[in-house]
A.B. asks: 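Can you read through this structure? Questions will come right after.
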Amino acid sequence: MQDWKFILVTEPAARKEIAEACLQQYWMETAPVYVVICSQPEKSERFYGERGKRLYSIQNAAAATENMLIAAHDQGLGGCWVSAFSDDMLRRALNIPDGVNPYAVITIGYPDETPAIPPKFPIENVVFIEKWGNRLRDIAAFMEHYAEHVVNAAKAGKEFVQKAIEKIKE
Ligand SMILES: Cc1cc2nc3c(=O)[nH]c(=O)nc-3n(C[C@H](O)[C@H](O)[C@H](O)COP(=O)(O)O)c2cc1C
């Protein structure tokens, strides 16, 4: 379908205007290259109706955005997905016509830091097995990582015995 268009921005003045449109995220200006991901939802609508317009066009743009971020990372570059912006301001800054929607700005540059991975929810909180609500109780056992499973079980057993000994001592 390729219902997308990408605007490459490198001019400092243009990058400043975009950073302003992105709710004054001036940190963006430190990146020398932006890619603005746009979509033309009427293209998807023509083939897939309302669902194409409402859902597929956004999913296409999001997949392209993520793929670009991964490709940039693969090249040793850093990128940030920025979608907090004023639609009107971004449209004006880039002459984006009606019928075209900007969905994301990716900032690209060589990173000068290696941030720690932010905390993530444990897998048990976000994955269900077979049906909604079926929680994974023991990831190691489920993945047949028996070594890890045995180590964890042994640790739990040891803790249990230690607690029991402390209780007896009381
Ligand atoms: C839809 C979407 C919009 C985002 N918008 C912004 C943004 O406007 N400004 C920003 O600094 N980060 C934004 N982010 C977050 C960063 O891109 C974030 O660092 C990235 O998603 C990596 O996530 P992590 O830090 O949890 O690994 C956005 C992320 C997503 C998925």
Side-chain angles (χ1 to χ4, degrees), residues 1-129 132-136 139-140 142-143 145 148:
M1 181 64 59
Q2 299 175 72
D3 57 341
W4 47 47
K5 289 279 188 291
F6 308 109
I7 308 172
L8 195 62
V9 182
T10 56
E11 278 290 318
R15 287 191 283 114
K16 184 174 185 208
E17 203 179 345
I18 292 171
E20 228 154 67
C22 293
L23 314 184
Q24 284 141 28
Q25 296 191 62
Y26 294 119
W27 63 265
M28 292 171 68
E29 288 180 73
T30 61
V33 175
Y34 300 173
V35 181
V36 184
I37 291 96
C38 302
S39 96
Q40 296 169 292
E42 76 274 12
K43 266 195 170 183
S44 290
E45 189 180 18
R46 225 175 296 142
F47 281 85
Y48 301 114
E50 185 59 28
R51 191 172 174 79
K53 179 179 162 189
R54 184 176 50 80
L55 183 63
Y56 298 162
S57 68
I58 294 176
Q59 290 183 330
N60 285 347
T65 305
E66 188 66 26
N67 285 339
M68 278 190 211
L69 286 165
I70 291 168
H73 180 77
D74 183 56
Q75 305 277 319
L77 291 154
C80 185
W81 181 327
V82 175
S83 283
F85 51 74
S86 148
D87 274 20
D88 286 346
M89 284 173 76
L90 197 63
R91 282 174 179 286
R92 240 177 292 132
L94 295 163
N95 291 341
I96 296 174
D98 289 344
V100 178
N101 293 335
Y103 281 130
V105 181
I106 300 179
T107 56
I108 298 176
Y110 287 100
D112 61 3
E113 56 180 327
T114 311
I117 297 172
K120 305 284 177 191
F121 291 125
I123 194 165
E124 295 85 342
N125 284 29
V126 291
V127 175
F128 296 139
I129 303 302
W132 179 270
N134 281 349
R135 282 191 195 280
L136 198 58
I139 177 83
F142 183 77
M143 301 293 283
H145 291 166
E148 190 183 339

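Every number for a ligand or one of its atoms is a count from 1 in the order of the listing.
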A.B. asks: Gly99 and Pro41: which non-hydrogen atoms are nearest, and at how many Å?
C.D. replies: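 Closest heavy-atom pair between Gly99 and Pro41: O-CD, 3.4 Å.
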A.B. asks: Which heavy atom of the protein is the closest neighbour of atom 5 (N) of ligand 1, given with residue, atom name and distance?
C.D. replies: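 It is Ser83 N, 3.1 Å.
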A.B. asks: Which part of Trp27 is near ligand 1, with near meaning a heavy atom under 4.0 Å away: side chain, backbone, both or neither?
C.D. replies: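 For Trp27, the contact with ligand 1 is made by the side chain alone.
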A.B. asks: Among all protein heavy atoms in this structure, tell me which lies nearest to atom 21 (O) of ligand 1, with the distance rounded to 0.1 Å.
C.D. replies: Trp81 CB, 5.0 Å
A.B. asks: If you count the atoms of ligand 1 from 1 in the order shown, which ones are under 4.0 Å from a heavy atom of Lys120?
C.D. replies: 24 (P), 26 (O), 27 (O)
A.B. asks: With a heavy-atom distance limit of 4.0 Å, tell me whether Pro118 approaches ligand 1 through its side chain, its backbone, both, or neither.
C.D. replies: side chain
A.B. asks: To the nearest 0.5 Å, what is the distance between CG on Asn125 and CG on Leu136?
C.D. replies: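 Rounded to the nearest 0.5 Å, the CG-CG separation comes out at 10.5 Å.
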A.B. asks: Is the closest protein non-hydrogen atom to atom 16 (C) of ligand 1 under 4.0 Å?
C.D. replies: yes
A.B. asks: Any protein heavy-atom neighbour for atom 8 (O) of ligand 1 (distance below 4.0 angstrom)?
C.D. replies: yes
A.B. asks: Judging by distance only, is a nitrogen or oxygen of Cys80 under 3.5 angstrom from one on ligand 1?
C.D. replies: no
A.B. asks: So which heavy atom in the protein is nearest atom 10 (C) of ligand 1, and how far is it from that ligand atom?
C.D. replies: Gln25 OE1, 3.6 Å
A.B. asks: Give the atoms of ligand 1, by number and element, whose distance to some non-hydrogen atom of Val82 is under 4.0 Å.
C.D. replies: 5 (N), 6 (C), 7 (C), 8 (O)
A.B. asks: Does CG belonging to Leu23 count more than 12 external heavy atoms closer than 6.0 Å?
C.D. replies: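 Counting other residues, nucleotides and ligands, CG of Leu23 exceeds 12 neighbours.
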A.B. asks: Could you report the tightest heavy-atom contact between Ala19 and Glu29, atom names first, then the distance?
C.D. replies: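 Heavy atoms only, the tightest pair is CB-CG, 4.0 Å.
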A.B. asks: For Glu11, is the CD atom crowded, meaning more than 12 foreign heavy atoms sit under 6.0 Å from it?
C.D. replies: no
A.B. asks: Answer yes or no: are there more than 12 heavy-atom neighbours, outside Tyr110 itself, under 6.0 Å from its atom OH?
C.D. replies: no
A.B. asks: When you look at Gln25 and Phe85, which way does the side-chain contact (heavy atoms from CB on, under 4.5 Å) test go after all the steps?
C.D. replies: CA-CA 9 Å; Gln25 296 191 62; Phe85 51 74; over 6 Å; no
